[in-house]
Structures are given as structure tokens and as C-alpha cells.
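To start, the structure itself, in C-alpha cells.
This chain uses plain numbering: 1 for the first residue, then up along the sequence.
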Amino acid sequence: MSTATDPTRRTGRPADPTAPVDRSTVDRSRVDRLTWVLAVANLVAQIGIIVTGGAVRLTGSGLGCSQWPMCEPGSFTPVFHEATSIHPYIEFGNRTLTGVLSVIAVALLWAVYRREPTASRPASLRRLAWLPLAGIALQAVIGGITVWYDLHPAIVGSHMLISLALVAISAYLLVRLRSADCPAAAVTPSSWRPLPWVLAAAAAAVVVLGTVVTGTGPHSGDEDEAFRYALDPLLVTRAHSASVWLFVGVIAVGAVLLVRRRDDVALAPARRAWRGLLAVTVLEAVIGYTQYFNGLPELLVGLHMLGAALVVVAATFACSALYSRREVATSELGTSALGPSELGTGEPPATAPSVG
């Protein structure tokens with residue numbers, strides 16, 4: 001049989017319907033190449049805007065543009081004069097990248113609605129593609145409020161948290177695009193059901209406390225307007241550190257459970273995803289402790305922000321890998337190794353989307 005007529009050879013899926021789907025390949029019967037590339041570009045851009053936003057804050061350029069949506073009174077762009085510093089150009093550059101991110105989001109939305117096969121897939125999938133664009137619009141408004149209120153740490157922190165939420169959504173969209181359109185089903189025993197929810201809650205605690213630590217630290221985003229939380233930096237840092245260790249503990253529990261079932265081929269994708277999450281988290285922790293004990297140098301703080309985004313991506317993939325949307329034959333449902341009572345159905349937490 002030719003590749004064109006053999007769906008197994010064309011899609012790269014194993015012939016055995018009970019075997020796990022190879023997640024290293026993208027099934028072209030679910031998403032075309034252009035749509036996939038745009039979805040990946042969207043995720044990369046969402047992470048990139050966190051890095052450039054961090055550069056704005058770490059260089060003291062948060063008020064480089066004194067107005068919003070204008071950069072300076074009467075001018076959309078920075079105006080060069082003798083007293084001009086580099087700060088307006090750094091801030092304006094970050095605003096420009098928001099426009100680039102918007103173009104990518106609009107292109108992705110068009111592709112999901114107009115290109116096959118995604119145009120014929122469930123409406124819930126296409127609606128998901130609206131979230132990055134809506135989030136970008138929301139972030140633009142919050143960015144303006146941040147300038148109007150002179151970089152108040154609560155607003156700056158919410159700016160970061162929404163960006164991380166958009167990173168999680170963008171990662172979820174990738175997972176959903178490459179998954180089948182069946183209802184999500186757990187591939188783990190029912191006793192594991194709380195695991196992705198606990199991991200998502202722990203991850204949320206880590207990033208929220210991380211923004212509070214930032215709000216008490218030295219990098220306010222402007223040399224003259226240094227709004228900071230009236231909190232003990234050491235106490236807040238210890239709370240953040242404790243949340244990180246809790247997060248690591250949840251990862252360790254999940255990893256041990258997965259290793260104990262190393263012979264379960266259905267859990268092979270989950271084992272790979274959790275190994276990746278553990279590696280990224282350890283690297284992020286090393287950067288975090290290194291920056292703390294070296295006086296928070298700007299470069300390490302910037303890398304820590306990048307690491308936070310990568311941890312969110314890895315956590316989303318790890319939780320998603322505990323669920324599957326793989327097409328399953330009716331006769332297979334009653335003979336599953338786990339049994340119908342242990343399979344379970346339902347969606348994982350929003351921070352951790354389901355996969356197939």
C-alpha cells in the first residue's frame with residue numbers, strides 16, 4: 001500500500017490503536033504546516049515579549065515614554081534632542097514588538113478559521129485562537145495604565161502574570177492543535193486525578209509570589225519613580241523560595257509515580273514531559289539562587305524571567321501529558337488495562353491543557 005493510501009504511514013501514527021501517539025510529529029490531518037508554524041511563532045513571541053518587557057524594567061526604561069498611547073506629548077515615537085537618553089528607544093522598541101505579536105496573532109486566527117483541516121474542526125478549538133489576540137489587547141491597556149500610575153508594582157506584577165497566562169494558553173493551543181477532537185480522558189489511575197491540579201496550583205503560587213518579590217526588589221523600572229511594596233524583602237523571598245520547593249516536591253511525586261509505572265507505554269509521553277519539567281525547573285532554581293546571592297544582577301534577573309516562561313510551558317505540557325484525546329475504538333473502552341472506572345474523563349486545569 002502506498003503512503004498516500006495508508007493513513008498509518010501518512011500520519012506517522014502506530015498501527016496498534018492502543019499504542020501511544022508519537023508526539024514528536026504533527027499529524028497533517030489535524031493541522032497544516034502554516035497554521036502550526038504560526039502557532040509556534042505565537043508561543044515564541046509571547047515568551048519573547050516577557051524578555052523584552054524585562055529588559056525595559058531592568059534598564060530603568062519603564063517611563064522612557066512618558067505618555068500612552070503616544071510616546072511623548074504630540075509624538076507617537078521618541079523625539080531626539082540633546083537630553084535624549086536610550087530609555088525612550090528601549091520602551092518604544094518593546095511597544096513595537098507588541099505590534100509584531102499582534103500581527104502573528106491575527107495571522108494565526110485567520111489560519112485557524114480559513115485553512116483546512118482546522119477550519120473544519122470543532123468551534124471550541126477555533127475560539128481558543130482568539131485568546132492570544134484578546135490578551136494582547138488587554139496587555140496594551142494595562143501597559144498604558146502602568147505608565148499612568150508610574151510603574152506601581154501591583155500593576156507591573158499583573159502585567160507579568162497575564163503574559164505568563166498567555167504563554168500557558170499559547171502552549172495549550174499547540175497541544176490542542178496536534179490532538180484529536182475526542183473528549184479528553186485521563187491516561188492515569190483515578191488516584192492520580194488531583195496531580196495536574198495540584199501542580200497547576202503550585203505553579204500559580206510560584207509565579208504570583210515571584211512578582212511580589214520583584215515588587216519589593218531594587219529593579220523598579222525607573223531610577224526616579226521607585227514605587228515598591230512596603231514588605232520585608234527577605235520574608236517575601238523566603239515565601240517565594242518555599243513555594244518553589246513545594247512545586248519541586250509535586251514534580252518529584254509525579255515523576256516517582258510515573259517511573260513506578262515505567263512499563264505502561266501509554267504513560268511514555270508523560271514521563272518525557274515530566275523529565276523536561278524537572279530539568280527546566282532545576283535550571284530556573286539555580287538561576288534564582290545565583291541571582292539572589294549575587295545581588296540581583298540585571299542579566300541573571302532577565303534570564304530568571306525567561307526561565308519563568310519556560311517553566312510555565314513545561315508545566316502545561318507535563319499536565320497535558322496525563323490526558324489523551326486519542327481516538328479509541330468502542331471495543332477498546334471495555335478492555336483497557338486501567339478499566340473504565342480508572343480512565344476518567346474531563347479537562348485538566350487551565351494552566352495545564354489536555355492533549356491527545
Side-chain angles (χ1 to χ4, degrees), residues 39-62 90-91 93-98 100-101 104-105 132 135-136 139 142-143 146 151 153 156-174 199-200 202-215 217-221 237 240-241 243-244 247-248 251 273 275-318 351-352:
V40 171
N42 173 65
L43 175 58
V44 171
Q46 296 286 359
I47 296 173
I49 202 72
I50 291 177
V51 176
T52 59
V56 170
R57 181 170 61 84
L58 294 170
T59 58
S61 304
I90 294 175
E91 165 62 8
N94 186 61
R95 293 185 182 187
T96 302
L97 287 177
T98 301
V100 174
L101 187 56
I104 295 174
I136 293 167
Q139 284 288 70
I142 293 177
T146 302
L151 308 179
V156 173
S158 67
H159 209 31
M160 176 66 171
L161 291 175
I162 294 173
S163 285
L164 290 173
L166 288 173
V167 167
I169 290 169
S170 299
Y172 175 37
L173 180 58
L174 281 178
L199 183 69
V206 169
V207 297
V208 169
L209 287 173
T211 62
V212 176
V213 171
T214 298
H219 302 295
S220 67
T237 300
H240 176 57
S241 178
S243 70
V244 171
F247 182 61
V248 171
I251 296 173
R275 283 196 299 267
L277 173 60
L278 180 60
V280 172
T281 302
V282 169
L283 178 60
E284 173 74 336
V286 169
I287 295 173
Y289 277 105
T290 302
Q291 69 167 1
Y292 177 75
F293 288 114
N294 286 275
L296 303 176
E298 288 82 357
L299 179 60
L300 287 180
V301 174
L303 289 175
H304 199 51
M305 295 178 70
L306 171 61
L310 296 179
V311 167
V312 168
V313 172
T316 301
F317 289 159
T351 309

Partners passing side chain to side chain contact (heavy atoms under 4.5 Å, CB included) against [X] (at least two apart in sequence or in another chain):
X: T52; value: I49, N94, L97
X: L161; value: V207, V208, T211
X: V313; value: L43, I47, V167, A171, F317
X: A45; value: L101, I104

Notebook entry, point to check: Backbone N or O of H159 within a donor-acceptor pair of the Q139 side chain at under 3.5 Å?
Noted result: yes
Note to self: Between T146 and I142 (side chain of the first, backbone of the second, donor and acceptor by atom type, cut-off under 3.5 Å), is there such a pair?
What the structure shows: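 Between the backbone of I142 and the side chain of T146 there is a qualifying donor-acceptor contact (under 3.5 Å).
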Which heavy atom of [X] sits nearest to which heavy atom of [Y], and what is that distance?
X: S243; Y: A205; answer: OG-O, 4.1 Å
X: A39; Y: L174; answer: CB-CD2, 3.5 Å
X: P132; Y: S170; answer: CG-OG, 4.3 Å

Checklist line | Name of the residue among V206, V280, L164 meeting side-chain contact (heavy atoms from CB on, under 4.5 Å) with V312 | finding: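 The side-chain contact (heavy atoms from CB on, under 4.5 Å) with V312 is passed solely by L164 among V206, V280, L164.
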Listing, residues 295-306 side-chain donor-acceptor contacts under 3.5 Å, not counting sequence neighbours, or none:
{"residue": "H304", "atom": "ND1", "partner": "E284", "partner atom": "OE1", "Å": "3.3"}
{"residue": "H304", "atom": "ND1", "partner": "E284", "partner atom": "OE2", "Å": "3.2"}

Quick check for you: to the nearest 0.5 Å, what is the distance between [X] atom [atom1] and [Y] atom [atom2]?
X: L199; Y: T316; atom1: CG; atom2: OG1; value: 9.0 Å
X: L209; Y: T214; atom1: CG; atom2: OG1; value: 11.0 Å
X: L166; Y: N42; atom1: CG; atom2: CG; value: 8.5 Å

Next item on the list: Return the set of residues passing side-chain hydrogen bond (donor to acceptor under 3.5 Å, both in side chains) with T98 (not counting sequence neighbours), or none when no residue passes.
Entry: none
Notebook entry, point to check: Taking C-beta and beyond as the side chain, do V244 and H240 meet within less than 4.5 Å on heavy atoms?
Noted result: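 Answer yes - side chains close enough.
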